[in-house]
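Report on the following structure.
Chain A is the first sequence line, chain B the second, and so forth, proteins listed ahead of strands; every chain is numbered from 1.
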Amino acid sequence: MKRFRLLPLLALGCMIFSQAQSDDASIVIKPRPAKTTVLALPEFQPKSGNLDPAVDEYLKIVNETLWNDLEYSAFFKLLSRSFYPAQRIDEPEDLVFKDWQDQNIGVDFIVIGNARIESNYLVVQCRVFDLKTQEQVLGKQFRTIPRYTRAIAHRIADHIVSLLSANASQGIASTQIVFERKTRTGKEIYLADYDGANLQPITSNGSINVTPAWNPSNEWIAFTSYYESTPRLYLVSLSSGQLQAFPPSGGLLTTPAFSPDGKQLAFSARLNDASDTDIYIADIDGGNLRNITQHPGIDISPCWSPTGRQLAFVSSRGGVPQIHICDTFGADLTCITLESGYASSPDWSPDGRYIVFSWKPSRMAHFDLFIAEVATKRILQLTQGQGDNENPSWAPDGRHIVFQSNRSGSSEIYTVFADGSELRQITNLQGCSNPDWSSYAQKN
Amino acid sequence: MKLNNRLLVIGAAAILLFLGGGCKKRTPVAAPPSTQPQLVAPTITLTAQPSIIAEGASTTLNWTTTNATGVTIETVGQFPPQGSTVVSPRASTTYVAVATGTGGTVSTQARVTVTPAPVSTTTTETPQVDETDQGLNVEQIFKNEIQDIFFDFDRAEVTAEYRDILRQNAEVLLRRLPRVSMMIEGHCDERGTEEYNIGLGDKRANAARDYLVSLGVSATRIKTISYGEERPFDPAHNEEAWAKNRRAHFVLIKP
């Protein structure tokens with residue numbers, strides 16, 4: 001079986017934002033095969049012999065979702081369906097290899113599939129063929145209730161990404177995003193698939209519920225709620241709906257972030273009569289509470305490095321909010337941003353190399369997204385000239401970013417490939433903000 | 001009209017001339033030649049007791065004469081040959097007394113010095129008036145008297161203008177509402193980032209609390225909460241709205 005070979009890594013098309021090292025300005029998001037791997041994706045068909053016409057509706061969902069997932073993965077070029085033979089291709093015997101071997105088309109792989117309904121279950125079969133070797137490289141059957149039709153398409157997309165990137169990248173099509181949604185009375189936490197589908201509320205208490213954060217196993221979401229008047233932290237279990245108040249309280253607690261091992265929370269708090277917020281770390285049961293930034297000024301919005309040995313956070317200790325890094329004891333503190341303008345909302349990339357954040361140069365300017373390379377402090381700009389762009393969060397593949405933007409007039413959630421391409425608006429709900437991208441979906 | 005004026009001026013001049021001549025201080029007239037009947041010139045003494053008075057106080061002028069038939073004290077009046085009168089000059093004054101007799105006239109003078117009232121160096125007494133609110137409940141007083149304060153962009157310092165407002169608030173909280181508790185809400189405009197604004201609103205509320213506490217309002221009466229940018233007073237997206245939204249807002253905690 002021939003595997004797709006990774007091509008040399010491509011430089012991001014990011015605009016150089018500052019610094020003198022402009023001769024060496026490329027930030028490399030990897031892995032990123034060029035979109036020279038061409039996939040053919042004929043529409044999946046009702047399996048011959050299927051008698052339930054409802055399958056057409058589910059197939060429409062599978063076909064749309066799978067196409068979007070593969071396109072969005074930024075690994076492939078999808079061959080336009082206008083080039084495809086007219087007859088249906090959903091079983092291996094339908095495949096006529098010579099039809100696809102035209103050098104001008106240059107298709108590398110073909111994905112075919114079909115679906116049927118069997119005892120109220122949707123059954124989808126999918127195969128991937130390497131057109132050069134004429135070998136089948138993937139074959140899967142999925143069976144589920146029709147409500148999870150989209151999940152099947154996501155699962156197929158993730159298999160294809162993993163296969164064709166030589167396992168170098170897991171697909172993110174089955175991941176989810178939590179965010180805040182404005183309501184008449186405040187804000188509630190919502191959950192959606194990474195493409196914005198399957199919107200569902202996590203909280204519905206009529207209060208202000210903000211700053212949602214996943215734990216690494218996607219089982220818990222920590223958030224800030226004003227439900228008991230004083231803002232404090234809660235953890236909600238997605239599987240059971242169980243709600244736990246995080247024990248430390250009094251003053252103000254907000255902006256929780258789970259450590260990479262899931263055992264600790266970093267957060268911002270003003271406890272008792274302190275005059276402003278500091279960064280604290282505690283076990284998720286509230287034990288071993290410690291203040292790691294005993295310093296005047298606002299310290300808020302911590303995030304962990306993927307090693308769990310460092311934190312990035314926002315601090316106003318220099319006068320204006322900037323991104324600082326320190327270890328988990330508060331030592332080795334450095335500022336990674338320009339010490340001017342207004343920098344906020346850091347999130348550390350899963351490979352540890354980058355911190356994405358939002359920055360605006362002056363009071364009247366807009367917020368844009370920037371990526372700082374931690375080792376060199378080089379900073380590159382990701383968005384430009386499209387309203388305010390805030391609260392970025394890395395996808396677990398380290399190649400995509402979710403953020404909020406008011407470019408359409410209202411604040412909505414967008415996802416983008418880390419070079420600025422493949423922009424998708426995933427909500428249209430008149431007021432969504434502060435997204436956090438989950439870890440890779442757990443395989444069941 | 002012109003003629004009348006002229007006559008008036010001439011008349012006034014003649015009177016002044018006469019008066020001026022009459023008032024002129026004279027040395028006692030020398031004894032007339034022996035061919036004249038023997039007439040003795042009058043004498044007069046005039047004293048002010050006391051001669052130095054405070055502004056607003058009074059003094060007594062005393063005079064005695066010989067060979068006089070009457071005494072005229074300028075600006076005061078005509079008096080018998082012996083007597084006294086009480087005067088209250090506003091400023092230092094030299095009183096001139098003229099004794100008139102068959103032997104002629106003689107004048108003398110007495111100086112009364114008026115010292116200004118001393119400048120008070122002690123605090124003036126404030127009228128102590130007990131004032132209680134009638135027909136207004138605590139909520140109304142709080143709503144009417146306790147004012148919000150506003151902040152500059154990305155700042156949490158209370159500026160001089162709003163320190164004055166907080167002093168007024170403290171006055172009301174200490175005197176008229178000594179038993180109420182309050183929540184100070186910190187608010188921000190939408191231009192910062194949402195999470196940082198939670199920290200900034202917190203700092204603003206605490207700055208307002210700390211200043212009130214420094215003015216004597218008990219810290220136990222004050223709670224603070226930050227709403228960040230979640231509860232704007234004006235939802236518009238312009239400078240005017242943003243300025244309104246950067247505030248510390250005072251809310252009565254109902255018992």
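- With hydrogens and angles ignored, the 3.5 Å screen pairs no side-chain donor or acceptor of B/Tyr196 with any backbone N or O of A/Ile298.
- For A/Lys182, no part sits under 4.5 Å from any heavy atom of chain B, backbone or side chain.
- Atom CE of B/Met183 is separated from atom OG1 of A/Thr230 by 6.0 Å, given to the nearest 0.5 angstrom.
- Nearest heavy-atom pair across A/Pro321 and B/Asp154 is CD-OD2, 3.2 Å.
- Here A/Ser411 contributes atom OG and B/Glu194 contributes atom CD; the two are 8.0 Å apart, rounded to the nearest 0.5 Å.
- Within the 4.5 Å cutoff, no side-chain heavy atoms of B/Ile198 are placed close to those of A/Pro231.
- To the nearest 0.5 Å, the span separating CD on B/Glu190 from CG on A/Asn406 amounts to 8.0 Å.
- Between atom OG1 of residue B/Thr193 and atom CD of residue A/Gln404 there is a gap of 9.0 Å, rounded to the nearest 0.5 Å.
- Counting non-hydrogen atoms of other residues, nucleotides and ligands closer than 6.0 Å to CD of B/Gln49 gives a total of 12 or fewer.
- Within 6.0 Å of the CZ atom in B/Phe153, the count of heavy atoms belonging to other residues, nucleotides or ligands exceeds 12.
- Between chain B and the residues A/Leu252, A/Val314, A/Thr277, the most heavy-atom pairs under 4.5 angstrom are made by A/Leu252.
- Heavy-atom pairs under 4.5 Å with chain B were tallied for A/Ala274, A/Gly251, A/Ser344; the largest tally goes to A/Ser344.
- Most heavy-atom pairs under 4.5 Å with chain B, from the set A/Arg270, A/Lys187, A/Glu390: that is A/Arg270.
- Contact of the A/Val210 side chain with the B/Glu230 side chain is registered, since non-hydrogen atoms from C-beta on lie closer than 4.5 Å.
- Both the backbone and the side chain of A/Ser316 come within less than 4.5 Å of a heavy atom of chain B.
- In this structure, a donor-acceptor pair under 3.5 Å is present between the side chains of B/Glu195 and A/Ser301.
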